[in-house]
2 protein chains.
Amino acid sequence: MNIKEIAKLAGVSVATVSRVINNNPNVSSASKEKVLSVMAENNYTPNLFARGLNTKSINTVGILCPDIGDVNHARTVSSLEHSLRDRGYDVLLCCTGRQSKSTHEYLHLLSDKRVDAIFMVGCAGEEDPELSEYQKSGKRVPLIIVNGYLDLPGVYCVLCDERTAMCDMVKELFERGCRNMAFIEDSDTYSAYQKRQGFLDGIKLCGLAPNPKLHIRIDPFVQSELFCTKSIFSQLFEAGERIDAILAADDILAVGALQAMVQAGRSFPIIGFNNSEHAVCCTPALTSMDNRIDVQCNIAVETMLDILQGKDAIDKLVVSAKLEERETYRRE
Amino acid sequence: MNIKEIAKLAGVSVATVSRVINNNPNVSSASKEKVLSVMAENNYTPNLFARGLNTKSINTVGILCPDIGDVNHARTVSSLEHSLRDRGYDVLLCCTGRQSKSTHEYLHLLSDKRVDAIFMVGCAGEEDPELSEYQKSGKRVPLIIVNGYLDLPGVYCVLCDERTAMCDMVKELFERGCRNMAFIEDSDTYSAYQKRQGFLDGIKLCGLAPNPKLHIRIDPFVQSELFCTKSIFSQLFEAGERIDAILAADDILAVGALQAMVQAGRSFPIIGFNNSEHAVCCTPALTSMDNRIDVQCNIAVETMLDILQGKDAIDKLVVSAKLEERETYRRE
DNA sequence: TTGTATGCGTTATCAG
DNA sequence: CTGATAACGCATACAA
């Protein structure tokens, strides 16, 4: 069933049918009704390929993310998807599998599909030379990074002031008397880098000496990050290492450390990051820094709309984090 | 840059270029090389719309799921996406938002996009009359349900024997001496129904009387299912209700109950379901029934390939669950 | 307000 | 092995 057949059945021309489909006002209500009813009877829907061939757009955007199985990425994609669908856009999902190599490929793949924009979630921190090459090449699709930053022309970023948040947290704990704060991180994203720097900023500003022994890095590819973190901290406690606070770049890491702490019969502030469900699963419940991913996603989608409408959009927007207080740390 | 320009630059016809693009063997290696080099120089990629207009397929499948923010759905989609991409398929993601109404719409939306197949994740249990209507309507796209079952012609299902697994678990606990087992459930999916029936089967087979007070249903739309479950069980414990085992349809529910149990200073077997990360976040670590979603996804994709190749595929495939033993219950 | 004719970029058919 | 050309289904400029 195509537009020609509908036109014949409705006794009008294909142009008129096309106008009805596209809500063109220049159609008599009589024709319009007739066409609509014929379309309904035959439950006809226009072929999107043919349509896209003309309009160069199918109201579809691509989302690029390392792994949708990761809770944080899943939340982000979920939020983006809802915002986008509310505005009539479909979502093409690409999981790159954390291999920076293929990011490049996927970028091409998506723009070959003629998506209207591409969102990147959980992207790497370094200035990817391939990405800039991509931006230079003919295929200019609006590129929007969520919870990350890349200083490239034509790339728009929405992020969270995680560095400041982390730094302030360190200062706050220092005022509470903490002098031996541990820091745990895993992935190598821009976001991870910000948190690390924030921690180091704080340590420095408090006049403390950085202690490499308390700066833990967990390989994000291990079977279980939680278990790995837990055993490292168990060893530290057994070795009698002095620790009076822990800050983690992600909740799952914080939970691992928390379990080790409880097992060691100790108790001090632990702060997670991303405010995921993990924070409420553990006991005691984990205080966590919320990076406001929902807000970020909304802004990202608004930014996309601005770009597509030709308005000039802000290329770097920063939202502020918010501490979700639970049992492992409470402000006075 | 289109096929015509490439043809001109390479000094051949569009037909030859098209053959090169599609790996048609009937091209001299000389022409082939020439065309390939011209394509590379101009980093040309064929327009997928024009292509789809002829071939009726763009190697894209749709995935329909209530909410990608849900950890279980996220894991499933992640697994499907990987399998599919390995085989050259892209993924169009649609989150229906748990509203059965819109499932119908999304189904149409996806087939309008001319996807090659549609996977449904976390779908409702009842025989959706709209779905069967959909299947009857002209738009016949292979429909594959993961971790669910719908007895409809042309619908293929992969699932887990959760009913048996749950039933066996009850029997096992009975033999261990448990006589007052509680059951917690939330959503209203096919999977949820199976678990509930499995529990009731087990209770009956053990000659126990069903206790409505210990059959807890949590509204899946509450702010926090975990917290809700926890407070319900706290109340039960305070009221002196006798409970000597808990089975939950999902880990997050089990964790809530677990926290209440620990707080009440009690200890008995708790079994979660889906073997998610939640199970290792809590203390004691949660024993959980794994529904082998990765295996299910692989099978689902294989099924899709069979269907698309015209082979006749199995329309109902059942994998068996596997208990992941942790601290809340260990087999002897 | 309506219809005709043309083009969008490929693939497929057929003749060479 | 190659090339010309007709589809594919729709949008749109232009004419009426």
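Sequence lines set the chain letters: A, B, ... in the order given, protein chains first and strands last, and positions in each chain run from 1.
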Separation of B:Thr45 OG1 from B:Asn43 CG (nearest 0.5 Å)
7.5 Å
Contact span of DNA chain D against chain B, any nucleotide atom under 4.0 Å from a heavy atom, 5' to 3', runs D:dC1 to D:dG9
side-chain hydrogen bond (donor to acceptor under 3.5 Å, both in side chains) with [X]: which residues, sequence neighbours excluded?
| X | value |
| --- | --- |
| B:Thr76 | none |
| A:Arg51 | A:Asn22 |
| B:Asp116 | B:Ser57 |
| B:Ser37 | none |

Hey, does B:Thr16 reach any base, or is it just sugar-phosphate, or nothing, if we go heavy atoms under 4.0 Å?
sugar-phosphate
Tell me, do A:Ile314 and A:Leu317 make a side-chain contact under 4.5 Å, heavy atoms counted?
yes
Between A:Gln296 and A:Cys160, is any pair of side-chain heavy atoms under 4.5 Å apart?
yes
Collect all protein-nucleotide pairs involving nucleotides 13-15 of chain C in which both atoms are nitrogen or oxygen and the distance is under 3.5 Å.
none

Extract all donor-acceptor atom pairs below 3.5 Å that involve side chains of residues 84-95 of chain B and protein atoms in other chains or at least two apart in sequence.
unit_1	atom_1	unit_2	atom_2	d
B:Arg85	NE	B:Glu81	OE2	2.8
B:Arg85	NH1	B:Asp90	OD1	2.6
B:Arg85	NH2	A:Leu93	O	2.9
B:Arg85	NH2	B:Glu81	OE2	2.9
B:Arg87	NH1	B:Ser83	O	3.2
B:Arg87	NH2	B:Glu302	OE2	2.5
B:Asp90	OD2	A:Lys113	NZ	3.0

Mind calculating the distance between [atom1] ([X]) and [atom2] ([N]) to the nearest angstrom?
| X | N | atom1 | atom2 | value |
| --- | --- | --- | --- | --- |
| B:Met39 | C:dT10 | CE | C1' | 13 Å |
| A:Leu53 | C:dC8 | CG | P | 9 Å |
| A:Glu33 | C:dT2 | CD | P | 12 Å |
| A:Phe49 | C:dG7 | CZ | C1' | 19 Å |
| B:Leu48 | C:dC8 | CG | P | 18 Å |

By side chain to side chain contact (heavy atoms under 4.5 Å, CB included), which residues pair with [X], not counting sequence neighbours?
| X | answer |
| --- | --- |
| A:Lys32 | A:Val20, A:Asn23, A:Val27, A:Leu36 |
| B:Glu33 | none |
| B:Val17 | B:Ile3, B:Ile6, B:Ala7, B:Val12, B:Ile21, B:Val35 |

A:Asn42 side chain to A:Tyr44 backbone, donor-acceptor under 3.5 Å
no
Would A:Lys316 and A:Tyr149 count as a cation-pi pair here, with the cationic atom under 6.0 angstrom from the ring centre and within 45° of the axis?
yes
Taking five pairs at each terminus, the helix from C:dT1-D:dA16 to C:dG16-D:dC1 shows an axis bend, to 10°, of 40°
By nearest-heavy-atom nucleotide on DNA chain D, the more 5' of B:Asn54 and B:Val12 is B:Val12
Please list, in numerical order, the residues of residues 20-32 of chain A that have a heavy atom closer than 4.0 Å to any atom of DNA chain C.
A:Asn26, A:Val27, A:Ser28, A:Ser31
